[in-house]
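Single-structure report; data block below.
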Amino acid sequence: MKSSFLPGGLVLAFLVAWLLPEAGVLLKDWGLIPWMVVTIFIVNGYQTNLSELPRSKSFVVAMSVTAVIALLVSPFIGLGVASALGMGAGFTLGLVVKATVPPTLSTCIVMTQLAGGYGAWALIMTLALNIVGIFTIPFMLDLTLDGIGEIVIDPLPLLQKLVMLVLLPFLAGLGLRRIATIDPKHLVLQYLPSTCVILTVWMALSDSSEIFQSLDLITLASIGFAALSVHLILLALCWGVSKLLKLEWKAAIAVILTGSQKTLPVAVSVLTALNLPMGEALLVCVLFHFLVLFGDALLVPYLKRPLNEQA
């Protein structure tokens, strides 16, 4: 049931956001999405044993290679897919921006844990790549989207947001683990992060429901195909790197999910900073985000299967 909870919840979130978006928009306007992220990382911190934090040479090498794929190679994959499909400027902008941003701040960690991978690996890689990504995004967009518009990004507010939403809640969770008596594997704590992911997707999709309803199915299918193509190429690259580095499967899961997922909040921030018409680009980012979340949620049981066979 736990493995099907997230994909089932994402389907429900999509349907409710599409048909009845008002409640989701209202809750988003109340500023609840950041609190969902904070809750996820408090629980992650509470469930993390410091003795499990990665210190090995293999982790450093794996994180470095993952950073190259996610931050430097991925933007060119996005541009290549957009060019091959003949996408318009607005859709190309959205696809390349989404391919350029670092891993999502919450779901890749949640999914890594659900798949039985090293959650600590996913956490540290996510934090590191988000910090480094702040500085790589302007240059990679300049290389891939020259002529689209000026890129003006202030990295310090993004870094401050990352610290407030991720690092401090995680440290708070670590502190709570020392004084609280609740079992880190308590049923509520096992489902709370996934629930927060579902609620976050519901609110974000609700806020974009008018854009979805104004497009035809062929356009949506084209965007979906482009998004999945980028994601599948990244999955394949990360899987191949894991094989080359001869990582154990728990570590490979962290690399595969962290290196292929992309964060929506940073993508929206980048589009806002570019000061360009962002309707089509935002649609690509939102649809990309949903399809990857849903697809990877379905992928989780298959990633976990080798661990079950070993047991």
Side-chain angles (χ1 to χ4, degrees), residues 1-17 20 23-24 27-28 30-50 52 103-124 126-127 165-206 250 253-254 256-258 261 263-265 289-305 307-308 311:
M1 177 179 177
K2 186 177 179 181
S3 61
S4 61
F5 179 75
L6 187 56
L10 290 174
V11 171
L12 181 62
F14 182 82
L15 292 175
V16 175
L20 299 169
L27 293 177
K28 180 181 180 296
W30 284 357
L32 292 186
I33 288 182
W35 290 107
M36 296 293 103
V37 178
V38 167
T39 301
I40 290 169
F41 282 98
I42 289 177
V43 176
N44 286 155
Y46 191 79
Q47 293 177 327
T48 298
N49 188 342
L50 283 178
E52 299 175 352
T104 181
L105 298 178
S106 54
T107 53
C108 71
I109 300 169
V110 173
M111 289 187 181
T112 297
Q113 293 175 331
L114 289 175
Y118 286 142
W121 277 47
L123 173 65
I124 301 302
T126 298
L127 289 173
L165 293 179
V166 179
L167 183 57
L168 292 183
F170 176 75
L171 294 176
L174 285 176
L176 285 174
R177 185 184 177 98
R178 292 178 175 271
I179 60 176
T181 58
I182 302 175
D183 184 356
K185 296 183 180 180
H186 190 281
L187 185 64
V188 173
L189 295 182
Q190 290 186 45
Y191 283 92
L192 186 56
S194 295
T195 301
C196 290
V197 171
I198 293 167
L199 292 174
T200 298
V201 170
W202 166 52
M203 287 183 278
L205 287 175
S206 295
K250 288 185 177 182
I253 291 172
I256 290 169
L257 292 176
T258 304
Q261 292 193 0
T263 174
L264 181 61
H289 192 70
F290 172 76
L291 289 175
V292 168
L293 285 178
F294 181 63
D296 282 357
L298 295 176
L299 182 64
V300 162
Y302 295 95
L303 292 175
K304 194 173 184 177
R305 184 174 297 173
L307 298 175
N308 293 333

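For the single chain, residues carry numbers from 1 onward in sequence order.
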Taking every non-hydrogen atom, the tightest pair across A115 and L303: CB-CB, 4.0 Å

Heavy-atom closest pair, residues K185 and Q190: O-NE2, 2.5 Å

Donor-acceptor contact below 3.5 Å, side chain Q261 vs main chain P103: no

Set of residues satisfying side chain to side chain contact (heavy atoms under 4.5 Å, CB included) with respect to L27, sequence neighbours excluded: W30, L32, W202, M203

Heavy-atom closest pair, residues T200 and M36: OG1-CB, 3.2 Å

NZ on K304 to CD1 on I253, rounded to 0.5 Å: 9.0 Å

Worked verdict on L293 versus M111 for side chain to side chain contact (heavy atoms under 4.5 Å, CB included): CA-CA 9 Å; L293 285 178; M111 289 187 181; 4.1 Å; yes

Heavy-atom check, side chain of L174 versus side chain of L171, under 4.5 Å: yes

Distance, nearest 0.5 Å, that separates CG of L257 from OG1 of T104: 11.5 Å

Euclidean distance, L168 CG relative to I42 CD1, rounded to 0.5 Å: 10.0 Å

Side-chain donor/acceptor of Y46 to backbone N/O of L189, under 3.5 Å: no

Minimum-distance pair of heavy atoms, taken over all atoms of L298 and P301: O-CD, 3.2 Å

Working for side chain to side chain contact (heavy atoms under 4.5 Å, CB included), residues T126 and L123: CA-CA 5 Å; T126 298; L123 173 65; 5.7 Å; no

Audit row: F41, I109, side chain to side chain contact (heavy atoms under 4.5 Å, CB included) steps and yes/no: CA-CA 9 Å; F41 282 98; I109 300 169; 3.4 Å; yes

Shortest non-hydrogen contact from A13 toward I198: CB-O, 3.8 Å

Mutual orientation of the aromatic rings belonging to Y118 and W121 [parallel < 30°, tilted 30-60°, perpendicular > 60°]: tilted

Interatomic spacing from OG1 in T112 to NZ in K250 - rounded to 0.5 Å: 13.0 Å

Partner set under side chain to side chain contact (heavy atoms under 4.5 Å, CB included) for L192, not counting sequence neighbours: T39, V43, C196

Enclosure of I182 CD1 (heavy-atom neighbours >12, cutoff 6.0 Å): no

